[in-house]
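Okay, structure first, notes after.
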Amino acid sequence: MNKGKLLYEGKAKRLYATDDPDLLWLEYKDEATAFDGEKKEPLPGKGALNNAISSHFFALLTAHGVAHHFVKKVDGQSQLVRPVNILPLEVVVRAVAAGSICRRLGLREGWELPRPIVEWYYKDDALKDPLVTEEHIRLLQAAEPEQLQHMRREALRIYDILHPFLQRLGVLLVDFKLEFGINAKGQLIVADEVSPDTCRFWDVGSGQKMDKDRFRQGLGGTLDGYREIWKRLQQTAEGGAECTR
Ligand code: TMP
Ligand code: ASP
């Protein structure tokens with residue numbers, strides 16, 4: 001399989017065509033960005049770690065029957081995925097208060113929510129990805145009510161898969177962000193990535209952050225957190241992706 005023409009470049013990944021129209025080449029970059037790209041830094045090794053970690057989580061989701069775009073990991077920083085039309089929404093699941101919900105609602109970081117909740121953010125750089133209601137989403141024609149219902153159900157189901165799995169590895173799943181897209185068959189499936197860039201992972205024992213908050217908050221040791229997550233994932237039989245670094 002060969003990497004073809006560059007189709008799209010985002011902040012964390014590049015998407016290329018391949019010789020097969022049903023497969024795209026997704027390359028994870030060695031760069032960290034935060035706050036809509038205001039903070040940006042080269043981070044050698046991050047691409048391979050996120051590629052390995054995300055591949056592992058997608059394989060776990062496959063084992064649980066969740067439909068997604070991931071096909072297989074092809075090299076250190078790249079994986080093959082199915083083409084989808086991404087909906088302009090970020091679907092965030094929160095189980096523990098952290099990040100923007102603390103600022104918005106005055107919650108204490110670390111407070112365990114009575115049950116996991118789903119939030120919607122409208123993907124629009126100029127608007128800085130605002131939090132939106134289901135009625136806003138209808139107004140913006142970003143998704144249909146049935147699609148919202150499906151994404152909410154899938155997002156909570158993914159929490160129910162990831163939370164106990166990570167718990168066994170001594171990792172608290174605080175929150176995570178998903179993106180969904182429509183594939184060639186018209187199905188709404190999970191796309192993008194599941195990695196320390198898009199999830200908050202805290203060590204159960206020490207409460208240490210092992211995700212992109214280390215970079216966002218300038219705590220240092222960003223990649224140490226990612227490495228620790230990858231190390232713990234490798235202890236599990238589920239998944240099965242490899243990391244060359
Ligand atoms: P937040 O607390 O900043 O709203 O983030 C919630 C979750 O979503 C957290 O796990 C990080 C993730 N996230 C992204 O993946 N991309 C983004 O652009 C933002 C703002 C958050
Ligand atoms: N990934 C986003 C950016 O690069 C924001 C974030 O995750 O904090 O701006």
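We count ligands from 1, going down the list as the structure has it; atoms in each ligand are counted the same way.
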From the candidates K177, R200, R103, K128, the one that places a heavy atom nearest atom 6 (C) of ligand 1:
R200
Who gets closest to atom 19 (C) of ligand 1 by heavy atom: K11, E119, E90, E193?
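The nearest heavy atom belongs to E90.
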Can we say R152 and E134 salt-bridge, meaning some charged N sits less than 4.0 Å from an Asp/Glu carboxylate O?
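A salt bridge is present here (some side-chain N lies under 4.0 Å from a carboxylate O).
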State whether R232 and D203 are salt-bridged, where the test is any N-O pair (Lys NZ or Arg NE/NH1/NH2 against Asp/Glu carboxylate O) under 4.0 Å.
yes
With a cut-off of 4.0 Å, which atoms of ligand 1 are near a heavy atom of [X]?
X    : value
G99  : 2 (O)
T198 : 10 (O), 12 (C), 15 (O)
A98  : 2 (O)
C199 : 10 (O)
D197 : 15 (O)
F176 : 10 (O)

Relative to the ring of H163, is the ring of Y159 parallel (under 30°), tilted (30 to 60°) or perpendicular (over 60°)?
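Answer is parallel, since the angle falls under 30°.
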Any idea how H56 and F165 line up, ring-wise: parallel (<30°), tilted (30 to 60°), or perpendicular (>60°)?
tilted
Between [X] and ligand 1, is there a nitrogen or oxygen pair with a distance under 3.5 Å?
X    : result
D175 : yes
R216 : no
R94  : yes

For D36 and ligand 1, answer yes if some heavy atom of the residue is under 4.0 Å from a ligand atom, otherwise no.
no
Taking only non-hydrogen atoms of C102, do any sit less than 4.0 angstrom from ligand 1?
no
Using a 4.0 Å heavy-atom cut-off, which part of [X] comes near ligand 1: side chain, backbone, both, or neither?
X    : answer
V174 : neither
K212 : neither
Y121 : side chain
K123 : neither

Go through the steps to decide whether Q77 and N51 satisfy the test side-chain hydrogen bond (donor to acceptor under 3.5 Å, both in side chains), and finish with yes or no.
CA-CA 6 Å; Q77 278 174 241; N51 185 36; over 6 Å; no
Can the positive tip of K46 be found less than 6.0 Å from the middle of the six-membered ring of Y226, inside 45° of the ring normal?
no
Have Q208 and S206 got a donor and an acceptor in their side chains that come within less than 3.5 Å?
no
Looking only at side-chain N and O atoms, does S54 offer a donor or acceptor that is under 3.5 Å from a partner on Y28?
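Their side chains do contain a donor-acceptor pair, which is all the 3.5 Å distance test asks for.
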Do any N or O atoms from the side chain of H69 and from the backbone of V84 form a donor-acceptor pair under 3.5 angstrom?
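The answer is no, because no donor-acceptor pair under 3.5 Å joins these two groups.
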Out of D192, D129, D211, which residue meets the salt bridge (Lys or Arg N to Asp or Glu O under 4.0 Å) rule with K177?
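Going through D192, D129, D211 one by one, the salt bridge (Lys or Arg N to Asp or Glu O under 4.0 Å) with K177 is satisfied by D192 alone.
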When you look at R157 and D160, which way does the salt bridge (Lys or Arg N to Asp or Glu O under 4.0 Å) test go after all the steps?
CA-CA 5 Å; R157 189 157 81 93; D160 286 338; over 6 Å; no
